[in-house]
Protein chains: 2
Amino acid sequence: MENDLKVWRAKRDVTQGELADEVGVSRQTINAIERGRYDPSLELAFELAAFFDCRIEDLFDYEAENE
Amino acid sequence: MENDLKVWRAKRDVTQGELADEVGVSRQTINAIERGRYDPSLELAFELAAFFDCRIEDLFDYEAENE
DNA sequence: ACACTTTGTAAAGTACACTTTACACATGAT
DNA sequence: ATCATGTGTAAAGTGTACTTTACAAAGTGT
């Protein structure tokens, strides 16, 4: 699943580490999600959407890889 | 995380098994989510929202248990 | 040149989101 | 009474979403 976390993060000018603290996960987790290594849990997706004040659907783009 | 899957399912008049087939998981998975045993993956949440033609935020209610 | 911040990555471990198979129970139809 | 359908639950297994610790590399400031 694709995402623009890096862009949203840039808009708010926060580092991976700061975002991680804000949403309650490790920096490595934010990094892994940004780099597409895995998708966040639904809970983390909610936290991220809350932080960026947007909808989950705005952050994550399902559809693409429906194999 | 709370959800009204059972209600949405009732509105569309589909069984757990039918819904499971539609979104590509096992019946037990739908049952477990409905009964609150665990939360769906983000991917499954997207599938469910697509099936019910609503937003993920309409199906799942984060907030409640923010300990 | 040295320190500091940010990002990428790795390894080993834990927890949970799934699977399959299987069985019990309730309801409704024949 | 039997059969089919829908739901709840259990056990054992797999993959992945996380963790912590740790190190390498690039960029920026002094």
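Labels below follow one simple rule: chain letters A, B, ... track the order of the sequence lines, proteins then strands, and each chain is numbered from 1. Just so we're clear, the structure is a prediction, and the values are computed from it rather than from any experiment. Just so it is clear, the values below take in all heavy atoms, side chains as well, and ignore hydrogens, waters and symmetry mates.
- Contact check on B:Glu18 versus B:Arg9 returns no salt bridge, with no Lys/Arg side-chain nitrogen under 4.0 Å from an Asp/Glu carboxylate oxygen.
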Working for side chain to side chain contact (heavy atoms under 4.5 Å, CB included), residues A:Phe52 and A:Leu5: CA-CA 10 Å; A:Phe52 288 117; A:Leu5 255 196; 3.5 Å; yes
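- Between B:Gly24 and A:Arg37, the residue whose closest nucleotide on DNA chain C is further toward the 5' end is A:Arg37.
- Across all strands shown, D:dT30 forms a Watson-Crick or G-U wobble pair, both distances under 3.5 Å, with C:dA1.
- The distance between atom OH of B:Tyr38 and atom C1' of D:dG8, rounded to the nearest whole Å, is 13 Å.
- Between the CE atom of B:Met1 and the P atom of C:dC16 there is a distance of 13 Å, given to the nearest Å.
- Residue B:Asp39 contributes atom CG, which lies 10 Å from atom P of C:dC16 at whole-angstrom precision.
- Put simply, A:Ser41 has a side-chain N or O that comes within less than 4.0 Å of OP1 or OP2 on D:dC18.
- Distances were taken from every side-chain heavy atom of A:Gln16 (C-beta onward) to each of C:dG8, D:dA22, D:dC18; the shortest belongs to C:dG8.
- Counting to the nearest Å, the C1' atom of C:dC16 and the CD atom of B:Glu43 are 16 Å from each other.
- Between B:Thr15 and D:dT5, a side-chain N or O to OP1/OP2 separation shorter than 4.0 Å is absent.
- Of the candidates C:dT19, C:dT9, D:dC18, the closest approach to any side-chain atom of A:Val25 belongs to D:dC18.
- Note: CG (A:Leu42) to P (C:dA17) measures 9 Å, nearest angstrom.
- One can place CD of B:Glu34 at 14 Å from P of C:dC18, the figure rounded to the nearest angstrom.
- Looking at A:Asn31, its side chain never comes within 3.5 Å of a backbone N or O of A:Gln28 through a donor-acceptor pair.
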Candidate pair A:Val14 and A:Glu22, rule side chain to side chain contact (heavy atoms under 4.5 Å, CB included), full reasoning: CA-CA 10 Å; A:Val14 287; A:Glu22 293 281 352; over 6 Å; no
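- Atom CG in A:Leu5 sits about 15 Å away from atom C1' in D:dA17, given to the nearest Å.
- Minimum atom distance to the side chain of B:Asn31 is reached by D:dG8, of the listed D:dC18, D:dG8, C:dT9.
- Residue A:Gln28 has its side chain nearest to C:dA10 when only C:dC16, C:dA10, D:dA10 are considered.
- Within the 3.5 Å criterion, the main-chain N or O of B:Glu43 finds no donor-acceptor partner in the side chain of A:Asp39.
- In this structure, B:Arg35 atom CZ and C:dA17 atom P are separated by 16 Å, rounded to whole Å.
- Distances shown here put every side-chain N or O of A:Arg27 at or beyond 4.0 Å from the OP1 or OP2 atom of C:dT6.
- Not one side-chain nitrogen or oxygen of B:Ser26 sits closer than 4.0 Å to the OP1 or OP2 atom of C:dC18.
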